[in-house]
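Chain identifiers are assigned alphabetically (A, B, ...) following the order of the sequence lines, protein sequences preceding nucleic acid strands; residue numbering begins at 1 within each chain. Any value given below was found using the heavy atoms of this structure, including those in side chains, with hydrogens, waters and symmetry copies removed. In this text the structure is predicted, and so the values were computed from the model without any measurement.
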Number of protein chains: 2
Amino acid sequence: MPLVKTSKEEILQKSAVLIWEQGYKHTSFADLSKACAIRNAHFYYYFKDKEDLMAQVLQYVANHVKSKIFDLAYQDNLPAAQRLEIMGRKLKTLYCRNNSGCMFANITLEMAHTDAPFLEIVRSIFGDFIAALTHIYEIDMPGPAANKKAVRAVQQIEGAIMMMRLYNDKSYIDDALNNLL
Amino acid sequence: MPLVKTSKEEILQKSAVLIWEQGYKHTSFADLSKACAIRNAHFYYYFKDKEDLMAQVLQYVANHVKSKIFDLAYQDNLPAAQRLEIMGRKLKTLYCRNNSGCMFANITLEMAHTDAPFLEIVRSIFGDFIAALTHIYEIDMPGPAANKKAVRAVQQIEGAIMMMRLYNDKSYIDDALNNLL
DNA sequence: GTCTATATGCGGATAGAC
DNA sequence: GTCTATCCGCATATAGAC
């Protein structure tokens, strides 16, 4: 673990923003190298190919979201409503950044028809999301019911993000996040 | 209106399947011309460019979905539950065909970051979907509440489709469609 | 209307100098 | 590790014969 932000981490961070916004296929190395201020060919020093870059970008964002948002669900000293309220606020910031919605949903709908290996990372992060909400809901109901409620909450949120982006109207996501409880 | 299916309609139908499955950018004219059994250059006889083809494909699918599914909502002689049940069955067939989910959601997440003119067609079809469900829900509740319920139902369905495709598990969409009432 | 041929540019990826 | 230069293939799109 380096003391200062490595060049590679900057590449991951800046690439993530672009791919999040534009998608995997729509984002070329020309776009990426411009945003990262490095040469096109330099990506191949850090990454095997575009698919490898994508996998590392997804893992980078997934780690960030897990530690900054999903982990809040396990603060068992706080009441459930408060945990959900904080998570909801952070999720809204996440989804509204650059009007790009949920990176993992974007990639799912773009790539589900392929067998791209990085989809496994997407499956994992949605599993973490549902597990986090299930943990909170289990306070008031048995496990299976809590899990079902968590799945429906995630689905409602993802549908709301789609509507928000299509109609450029944040009230959809506000409504979904305010109804997490 | 020609008496027999025109060549152009076949092109629209076959192009729709491919683009639905693979997305707009991922589908090349090479893919399309193979599927339609015509020459690459021949597309430019029927369509101005790829964007024009896409707009006509979307309109073609939208017309089909409207007349075959959404119109069922206005069969006021049938009880609400029965209308929802029939629509749910037809929607499931639609979304599970080729495991490709909802074409309009796919295109939304792929293209929302652009100002592609064909997004207007997508907005229109989601408006029709919500209007159809609202019409049914209005039997039992005032307009604004019915509309809110319809929006949430659509969001739940679109989120469920995403989960279905990600985990290759139809139980997500079954659950969402069984809870339309 | 349908074909062949091809223009033109951009995509990902690599070689090899420094 | 970072650069320049470049390969190769595929993308959209067009020209023009038949």
Listed partners of Y24(A) passing ring pair (Phe, Tyr, Trp, His ring centres under 6.0 Å), at least two apart =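 Ring pair (Phe, Tyr, Trp, His ring centres under 6.0 Å) list for Y24(A), sorted by chain: F118(A).
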Nearest-Å distance, [atom1] ([X]) to [atom2] ([N])?
X: D52(A); N: dT14(C); atom1: CG; atom2: P; answer: 12 Å
X: L53(A); N: dG11(C); atom1: CG; atom2: C1'; answer: 15 Å
X: K25(A); N: dC10(C); atom1: NZ; atom2: P; answer: 17 Å
X: Y44(B); N: dA5(C); atom1: OH; atom2: C1'; answer: 15 Å
X: E51(A); N: dG11(C); atom1: CD; atom2: C1'; answer: 16 Å

Of residues 26-33 of chain A, the positions that come close to DNA chain C - non-hydrogen atoms, cut-off under 4.0 Å |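 The answer is T27(A), S28(A), F29(A), A30(A).
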Classify the nucleic acid contact of D49(B) as base, sugar-phosphate or nothing, counting any heavy atom under 4.0 Å across all strands shown.
->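 Since only primed, P, OP1 and OP2 atoms lie under 4.0 Å of D49(B), the category is sugar-phosphate.
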Produce the list of close N/O pairs, under 3.5 Å, pairing protein atoms with atoms of nucleotides 1-3 of chain D; give distances to one decimal.
from	atom 1	to	atom 2	distance (Å)
dG1(D)	OP1	Y45(A)	OH	3.3
dG1(D)	OP2	Y45(A)	OH	2.4
dG1(D)	O5'	Y45(A)	OH	3.2
dT2(D)	OP2	H42(A)	NE2	2.7

Using modelled atom types only, decide if a donor and an acceptor are shared between the side chain of E110(A) and the backbone of K25(A) within a distance under 3.5 Å.
->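 Yes, the answer is positive, given that a donor and an acceptor are paired below the 3.5 Å cut-off.
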Partners of D140(A) by side-chain contact (heavy atoms from CB on, under 4.5 Å), sequence neighbours excluded?
->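 Partners of D140(A) under the side-chain contact (heavy atoms from CB on, under 4.5 Å) test: none.
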Not counting sequence neighbours, which residues clear side-chain contact (heavy atoms from CB on, under 4.5 Å) with N179(B)? List them please.
->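 side-chain contact (heavy atoms from CB on, under 4.5 Å) check on N179(B) returns R152(A), D175(B).
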Could you name each residue pair satisfying ring-ring contact (aromatic ring centres under 6.0 Å, His included) that touches residues 72-108 of chain B, not counting sequence neighbours?
->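 Counting only pairs at least two positions apart or across chains, the ring-ring contact (aromatic ring centres under 6.0 Å, His included) contacts touching residues 72-108 of chain B are Y74(B)-H135(B).
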Worked check of side chain to side chain contact (heavy atoms under 4.5 Å, CB included) between H26(B) and M111(A) = CA-CA 9 Å; H26(B) 280 264; M111(A) 301 300 291; 3.8 Å; yes
Under the side chain to side chain contact (heavy atoms under 4.5 Å, CB included) criterion, do I86(B) and Q75(B) qualify, and how do the steps go?
-> CA-CA 11 Å; I86(B) 300 173; Q75(B) 300 263 320; over 6 Å; no
Mind checking the OG-CG spacing from S28(B) to L18(B)? Nearest 0.5 Å is all I need.
->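 Going from OG on S28(B) over to CG on L18(B), the span is 9.0 Å.
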